[in-house]
Amino acid sequence: MSSIVLENIRKTYGRNAPPAIADLSMEIGSSEFLCLLGPSGCGKTTTLRMIAGLEHPTDGRILVDGKPIVSVADGLFTVPEKRNMGLVFQNYALWPHMTIRDNVAFGLTLRKMPAAERDATVDQVMTTLGIARYADRYPGQLSGGQQQRVALARMLALQPSVILLDEPLSNLDAKLRLEMRTELKRIHAEAGSTIVFVTHDQWEAMTLATTIAVMSEGELQQVGTPDDIYERPANRFVAEFVGNLPINIVERDDGRSDALHAWIDRCLTLFAVDGARVASAGIRPEALRFGSLSDEEVTRHAAGQGVIVDIVPTGGSWIVELDVAGHRVFAIATEHPQVTTGEQTHFWVERHHLHLFDRDKKRITL
Ligand code: ATP
């Protein structure tokens with residue numbers, strides 16, 4: 001399996017257009033499952049297409065297993081067919097007039113693989129992906145999820161050393177997405193392939209990736225394990241982009257000094273943090289604790305106080321909305337909250353769950 005290195009990649013689509021990719025350097029280790037994660041337009045697909053060879057970078061180098069396959073300065077550009085990479089897009093584009101078997105066999109036939117070997121490979125891949133029983137049907141006779149499997153099978157039959165996937169699960173319903181997610185994890189574990197997976201869905205990235213690369217406006221924001229990205233976001237963008245429910249942010253220099261700001265100040269004192277550098281603080285809803293506390297506990301936890309505005313059941317957990325001095329603060333409870341709307345409640349946070357950012361919105365390590 002192959003490692004990929006992107007070196008100072010820049011991509012502009014027109015002379016006067018802002019760069020789609022500004023200056024991207026990144027290493028994708030052999031057998032890594034890397035998710036490129038970011039909002040629409042941040043440059044994920046462009047990056048994937050440059051790795052695949054469907055797009056020329058404006059500047060920079062791409063290396064596979066240490067050997068350059070693209071080097072703009074040297075005029076080197078390896079064509080897609082010579083890269084041994086498999087690519088599956090969101091709209092899987094099967095050949096409608098060919099049977100499923102012929103679709104899966106297509107690339108091998110082009111490569112002039114001997115018929116017996118080709119048929120054995122096709123049978124094996126179709127069995128692995130659970131589509132063998134549809135071998136003689138046409139794509140139009142399959143559901144979206146089944147077609148998605150055929151697209152994956154067609155790519156896997158070519159035994160690529162790198163698998164490139166662009167939002168391959170976005171056309172599927174929730175149940176199929178879950179099934180295909182498991183399938184992809186299994187393929188990755190069994191074949192040990194290097195996978196680059198583009199998604200704007202942070203849940204998908206969190207549950208699939210060994211490494212996540214978060215992008216925004218053509219720039220890399222952070223590369224790390226799902227835990228790194230979630231627990232130690234490098235900046236405000238990552239903190240706010242990742243998380244099922246948005247992180248609560250308190251701006252310390254917004255000119256207000258009310259009960260919420262006073263609570264953050266008390267937390268900083270309790271946690272012995274120099275407040276001068278702290279421009280904003282973030283607390284994930286699931287990290288916010290709430291309930292009645294004794295005077296001693298209020299002091300020990302530097303707790304604040306707010307009013308319960310709403311309790312929303314979400315099936316197995318509850319979103320609790322608090323009003324703190326006119327600010328909306330959200331908490332998640334995994335057990336039925338023992339509070340009612342209109343009630344005053346204390347809230348507090350553990351030291352390691354308080355995310356602090358400086359004026360440049362960069363993380364301050366506690
Ligand atoms: P999405 O999730 O919506 O697919 P993305 O993160 O994959 O978005 P890209 O498709 O890589 O983003 O686009 C990055 C930027 O480059 C965007 O501003 C987009 O408008 C621009 N862009 C992409 N392809 C082209 C093109 N063929 N011509 C001109 N501009 C383009």
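Atoms within each ligand, like the ligands themselves, are counted from 1 in listed order.
- Atom 2 (O) of ligand 1 has Lys44 NZ, 2.9 Å as its closest protein atom, hydrogens excluded (heavy atom only).
- Near Thr45, meaning under 4.0 Å from any of its heavy atoms, are these atoms of ligand 1: 4 (O), 5 (P), 7 (O), 10 (O), 11 (O).
- Per-atom contact check: atom 19 (C) of ligand 1 does not touch the protein, criterion being a heavy-atom distance below 4.0 Å.
- Classification of the His327-His261 ring pair by plane angle, with boundaries at 30° and 60°, yields tilted.
- Residues Arg10 and Asp23 have side chains not in contact (no heavy-atom distance under 4.5 Å, counting atoms from C-beta outward).
- For ligand 1 and Ala20, the ligand atoms under 4.0 Å from any heavy atom of the residue are 15 (C), 16 (O).
- Among all non-hydrogen protein atoms, the one lying nearest atom 31 (C) of ligand 1 is Tyr13 CD1, 3.2 Å.
- No donor-acceptor contact under 3.5 angstrom links the side chains of His353 and Arg284, judged on distance only.
- Residue contacts with ligand 1, taken as heavy atom pairs separated by less than 4.0 Å, do not involve His200 at all.
- Residue contacts with ligand 1, taken as heavy atom pairs separated by less than 4.0 Å, do not involve Ala17 at all.
- In this structure, a donor-acceptor pair under 3.5 Å is present between the side chains of Gln221 and Asn235.
- The closest side-chain donor-acceptor pair between Gln202 and Asn244 falls under 3.5 angstrom.
- In terms of protein heavy atoms, atom 3 (O) of ligand 1 is closest to Ser40 OG, 2.6 Å.
- Of the candidates Thr47, Leu37, Thr46, the one placing a heavy atom closest to atom 13 (O) of ligand 1 is Thr46.
- With ligand atoms numbered from 1 in the order given, ligand 1 contributes 1 (P), 3 (O), 5 (P), 6 (O), 8 (O), 12 (O), 14 (C), 15 (C), 17 (C), 18 (O) to contacts under 4.0 Å with heavy atoms of Gly41.
- By the definition of a contact as any protein heavy atom under 4.0 Å away, atom 24 (N) of ligand 1 is in contact.
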Verdict with supporting geometry, Ser2 and Asp65, side chain to side chain donor-acceptor pair (under 3.5 Å): CA-CA 6 Å; Ser2 298; Asp65 293 331; 3.1 Å; yes

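- Between Trp95 and His97, the two ring planes are perpendicular [angle over 60°; tilted spans 30° to 60°].
- Residues Arg252 and Asp265 are paired through a salt bridge, judged by an N-O separation under 4.0 Å between the basic side chain and the carboxylate.
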